[in-house]
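Everything on this sheet refers to the single structure shown next.
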Number of protein chains: 2
Amino acid sequence: MNEGVEWAVHSCLNLAWLGERAVPAARLAAFYELPAAYLNKQLQALARADILTSVSGPRGGFRLTRPPEKVTLMDVVVAIDGDEPAFRCTEIRQRGGSGGGDTDAYRKPCAIDAAMRKAELAWRRELAGQTVADVMATVEHANPGVPDKVRRWFDDTR
Amino acid sequence: MNEGVEWAVHSCLNLAWLGERAVPAARLAAFYELPAAYLNKQLQALARADILTSVSGPRGGFRLTRPPEKVTLMDVVVAIDGDEPAFRCTEIRQRGGSGGGDTDAYRKPCAIDAAMRKAELAWRRELAGQTVADVMATVEHANPGVPDKVRRWFDDTR
DNA sequence: GAGCAGGTACTCGGATATACAATGTCCGAGTAATAAAGG
DNA sequence: CCTTTATTACTCGGACATTGTATATCCGAGTACCTGCTC
């Protein structure tokens, strides 16, 4: 999976803790010492998916489009990695020696593809069941000081 | 995901239908018109995972090490794609501005990593719950003629 | 005819090229704040 | 002092290199089979 997913989720958490204001990509990148231009690329993807809203010019940056309760981890993963399944059936069963006989036998779906889709569906369901707000709550429970710490850091280097 | 997973599962099905004898990689490849040397590479990976047993020399090839009821789809995917998780946490939370404060706060696991692992665990559980024999049964139910067809093709070009 | 030795063809196995995608970087278009000028 | 206007600095956005990984290929090591020879 794309490494940018990790950066994107962390950035969403930080944006949620920072509230309504827009934060530039360079600032978000500096917080984790990430390459700014590349993080910008990932945030653009989130903006295309309407998870973030981009604001140009001075005082611009990115902000959450909707509250974190409405953003699932599935949304973020799809925005960065795309919605194509990890396993893609290329229908090799129709090629070569096996393809000679009855052609309409392949109207039935590929059993291997079905099994893989079933597993991926379970994966998607788990991701869709967890929101950014849920992850925020987990962090605040394990380490209550984090939100204030984030706000302070972003305020100090304003 | 690696495309070779599809080839590997199909080959396992065919080997199961063909019974005990060893089948060369070139023959398995010809059945689907796949690049023989590359399929050989995937079968080697299955052999390293002890899913297949390789036999050298004339009349050699690959055969299933154990009956298809004992081979899960998880086994095959791990053999080809490796057992590393799709999402790997690089602990960026410890770098940059966030890393300054209490160091032992990061004894607690990363919440994002935990959420991703939970989803991947569901995926793995689904794959581990389906065996090659299950997929065979599904195919035979949807298209009963396939096993004989496979046996005939591999016998004719012996 | 049976046993044995040598050769041969076939198979896997890993080392070696190539193609494609993820990663990382850069500069231009657009915009809002700002400063200056005029009324 | 207020309004208008030009400037400026800042931000996103997409186009452009670079690195890494999956894809594909090739040749050597080993082995069972087969052929021919010997007893």
Side-chain angles (χ1 to χ4, degrees), chain A residues 1-8 11 15 18 21-30 32-65 77 79-82 84 86-88 90 92 154 157-158, chain B residues 1-8 11 15 18 21-30 32-65 77-82 84-88 90 92 154 157-158:
Chain A
M1 185 184 306
N2 198 324
E3 184 180 4
V5 171
E6 186 183 5
W7 306 357
S11 296
L15 283 174
L18 289 175
R21 61 169 162 165
V23 181
R27 194 72 47 84
L28 289 166
Y32 293 124
E33 289 176 353
L34 300 174
Y38 192 31
L39 177 63
N40 188 26
K41 199 183 181 65
Q42 316 294 348
L43 298 179
Q44 282 175 34
L46 293 180
R48 269 192 295 272
D50 204 49
I51 294 169
L52 301 185
T53 299
S54 65
V55 180
S56 290
R59 298 277 180 178
F62 293 91
R63 60 176 174 80
L64 283 175
T65 301
V77 170
I80 302 293
D81 245 32
E84 292 190 0
F87 178 88
R88 59 184 172 91
T90 61
I92 63 172
F154 278 91
T157 58
R158 190 199 305 259
Chain B
M1 185 184 307
N2 198 325
E3 183 181 4
V5 172
E6 185 183 7
W7 307 357
S11 296
L15 284 173
L18 290 175
R21 61 170 162 165
V23 182
R27 194 71 48 82
L28 288 166
Y32 293 124
E33 290 177 351
L34 300 175
Y38 191 32
L39 177 63
N40 188 25
K41 197 182 182 66
Q42 316 293 347
L43 298 179
Q44 283 176 34
L46 293 181
R48 270 192 294 272
D50 203 50
I51 295 170
L52 301 185
T53 299
S54 65
V55 179
S56 290
R59 297 278 178 177
F62 293 92
R63 61 178 173 77
L64 283 175
T65 299
V77 170
V78 166
I80 302 294
D81 245 31
E84 293 189 0
F87 178 89
R88 59 184 173 90
T90 61
I92 64 173
F154 278 90
T157 58
R158 190 200 308 257

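This is a predicted model, so every value here is computed, not measured. To find a chain, count down the sequence lines: A is the first, B the second, and so on, and within it residues start at 1.
Within the structure, every pair that satisfies the ring-ring contact (aromatic ring centres under 6.0 Å, His included) test and touches residues 33-57 of chain B, not counting sequence neighbours, is listed here: B/Trp7-B/Tyr38.
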Check: When you check every protein heavy atom under 4.0 Å of nucleotides 10-26 of chain C, what one-letter string (B, S, -) results, 5' to 3'?
Finding: BSSBBB-------BBBB

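Not counting sequence neighbours, the partners of A/Ala22 by the side-chain contact (heavy atoms from CB on, under 4.5 Å) test are A/Val55. Listed by chain and number, the residues in a side-chain contact (heavy atoms from CB on, under 4.5 Å) with A/Ala30 are A/Trp153 (sequence neighbours excluded). Under the rule for a side-chain contact (heavy atoms from CB on, under 4.5 Å), the partners of B/Arg48 that lie at least two apart in sequence or sit in another chain are B/Gln44, B/Ala45. Remark: B/Pro58 engages no residue in a side-chain contact (heavy atoms from CB on, under 4.5 Å) (not counting sequence neighbours).
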